[in-house]
Every structure is written in C-alpha cells, then in structure tokens.
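Encoded as structure tokens, the structure appears first; notes follow it.
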Amino acid sequence: MAYVHKIIKTPVGALTLIASDRGLAAILWENDDPKRVRLDRGAADKKHAVLADAERQLKEYFAGTRNRFDLPLDFSGTPFQKKVWQALCRIPFGETRSYADIARDVGSPKAGRAVGSANGKNPISIIAPCHRVIGKNGKLTGFAGGLEVKAFLLGLERG
C-alpha cells in the first residue's frame with residue numbers, strides 16, 4: 001500500500017495527514033509517538049485529492065462551520081480496533097461517551113480496557129473523534145494530542 005502525506009497548520013499545532021488511494025489513513029500530532037500509529041508516511045503530496053479534502057474539512061471544523069466529516073477512511077488495524085474506531089465515528093458532535101459506553105456499542109461490554117487501548121491507537125484523530133471519549137466519572141483521560149488539546153476540541157464542539 002502506497003501512502004502520501006501533507007502537513008497542515010491548525011489551532012492545535014501542525015498535523016500530518018496520511019492517505020492511500022482508498023482514503024484518509026492517519027492524522028498524526030506534531031509530537032506523536034512513532035509507535036502509536038505505524039504507517040509509512042510516503043511521499044509528500046500537496047495535491048492528493050483525499051489530503052486536500054481532509055485539509056479543507058478540518059479548516060471548516062476549526063472555524064466552527066463543520067460538525068460532521070465526509071471523507072473516505074482507510075483504517076489499518078485489528079478487527080476489534082476497527083469496530084472501536086467505527087463506533088467513535090458514531091458519537092454525535094458535541095457529545096461524549098465513556099469507554100464502557102463504547103464497549104457496549106461494539107458488543108463487548110466487559111472490554112473497557114481493550115476499548116481504551118484501541119482508542120489510544122486511533123490513527124485518524126479528530127475525524128474519528130477519540131477526544132469525545134472520557135472516563136466513566138466524566139473526567140478527561142489520556143489523549144495522544146494531550147489533555148489540553150482534548151479540552152480545546154471538546155470546548156470547540158460545545159461552542
């Protein structure tokens with residue numbers, strides 16, 4: 001699988017967008033742990049259609065004019081991880097869910113820790129909104145972009 005990438009500037013720092021011919025494969029944070037998402041970034045390509053569309057939609061999201069993404073996604077992970085990441089995409093804009101909620105949603109009600117692990121490895125942050133997953137007690141929990149960024153994204157969505 002050949003990948004291409006593009007780096008964009010956003011209110012939460014520089015993000016690296018990675019795409020294949022099937023869709024957006026990753027959004028990496030500026031100081032992302034290279035072990036979290038193991039994808040080859042491929043060549044830089046500022047004109048790749050999926051990357052250009054992802055950049056446009058992310059700019060609209062940060063400007064407050066987009067509350068739903070419409071992009072082909074190319075998740076690379078285990079079947080369980082993919083189920084979790086698809087469940088993230090079903091969390092409505094401006095709402096949150098707990099790890100237990102996601103575990104129930106994917107049909108594994110006792111798999112809260114496994115959901116947490118899959119959530120931490122979500123390759124398509126923001127668009128597959130792992131920032132909308134919080135602790136059962138309502139507190140913000142781990143996030144690859146950092147808890148300040150998680151709070152910023154949740155605040156942006158709450159208006």
Side-chain angles (χ1 to χ4, degrees), residues 1-34 36-77 81-99 101-102 105 115-116 118-135 138-159:
M1 173 77 52
Y3 294 101
V4 294
H5 76 277
K6 177 179 192 173
I7 298 172
I8 64 170
K9 292 182 181 181
T10 74
V12 294
L15 298 176
T16 301
L17 310 179
I18 301 174
S20 70
D21 287 335
R22 292 194 306 231
L24 187 66
I27 297 177
L28 303 179
W29 302 98
E30 206 164 348
N31 298 313
D32 219 323
D33 179 350
R36 188 179 75 80
V37 177
R38 297 175 187 253
L39 285 180
D40 177 23
R41 293 177 184 217
D45 186 343
K46 294 181 180 183
K47 296 184 180 185
H48 189 276
V50 170
L51 296 177
D53 203 20
E55 179 180 21
R56 178 183 57 77
Q57 290 189 33
L58 284 164
K59 283 183 178 181
E60 292 168 354
Y61 169 80
F62 285 116
T65 60
R66 174 174 289 276
N67 60 20
R68 188 172 177 275
F69 293 96
D70 182 23
L71 291 164
L73 304 179
D74 184 16
F75 285 117
S76 180
Q81 288 172 329
K82 289 178 183 180
K83 281 173 66 172
V84 169
W85 301 334
Q86 289 163 353
L88 298 177
C89 293
R90 292 190 294 272
I91 302 172
F93 182 85
E95 294 185 21
T96 58
R97 298 291 184 269
S98 71
Y99 295 99
D101 293 334
I102 301 298
D105 187 21
V115 165
N119 199 55
K121 292 179 181 167
N122 171 23
I124 310 177
S125 297
I126 303 173
I127 291 174
C130 50
H131 61 278
R132 295 180 190 156
V133 182
I134 60 174
K139 294 198 178 187
L140 299 186
T141 56
F143 182 63
L147 292 182
E148 286 181 15
V149 171
K150 185 172 189 164
F152 173 84
L153 296 173
L154 291 172
L156 176 74
E157 293 184 9
R158 290 184 179 132

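The backbone N or O of S98 sits less than 3.5 Å from a side-chain atom of D101, completing a donor-acceptor pair. Although no hydrogens or angles enter the test, the distance criterion places a donor-acceptor pair under 3.5 Å between the side chain of Q57 and the main chain of D70. A donor-acceptor pair under 3.5 Å is formed between the side chain of K6 and the backbone N or O of K46.
Listed here is the closest heavy atom pair of A118 and W85: O-NE1, 2.8 Å. Across L17 and E55, no two heavy atoms sit closer than the pair CD1-N, 3.9 Å. Taking both residues in full, the closest heavy atoms of R36 and S125 are given as NH2-OG, 4.0 Å, listed atom of the first, atom of the second, then distance. Minimum heavy-atom separation, A19 to L51: CB-CD2, 3.6 Å. For C130 against N122, the heavy-atom pair with the smallest separation is SG-ND2, 3.2 Å. G77 and K82 make their closest contact through O-CE, 3.3 Å (heavy atoms, listed as atom of the first residue, atom of the second, distance).
Residues passing the side chain to side chain donor-acceptor pair (under 3.5 Å) test with E30: none are found, sequence neighbours excluded. Residues passing the ring pair (Phe, Tyr, Trp, His ring centres under 6.0 Å) test with Y3, sequence neighbours excluded: none.
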Could you pull out every donor-acceptor pair under 3.5 Å between side chains of residues 138-156 and any protein atom, sequence neighbours left out?
unit_1, atom_1, unit_2, atom_2, d
T141, OG1, Y99, OH, 2.8
K150, NZ, V133, O, 2.6
K150, NZ, T141, O, 3.2

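The 12-atom threshold is exceeded at CZ of R90, counting heavy atoms of other residues, nucleotides or ligands nearer than 6.0 Å. By the neighbour-count criterion of 12 heavy atoms within 6.0 Å, atom CG of N31 is sparsely surrounded, having that number or fewer from other residues, nucleotides or ligands.
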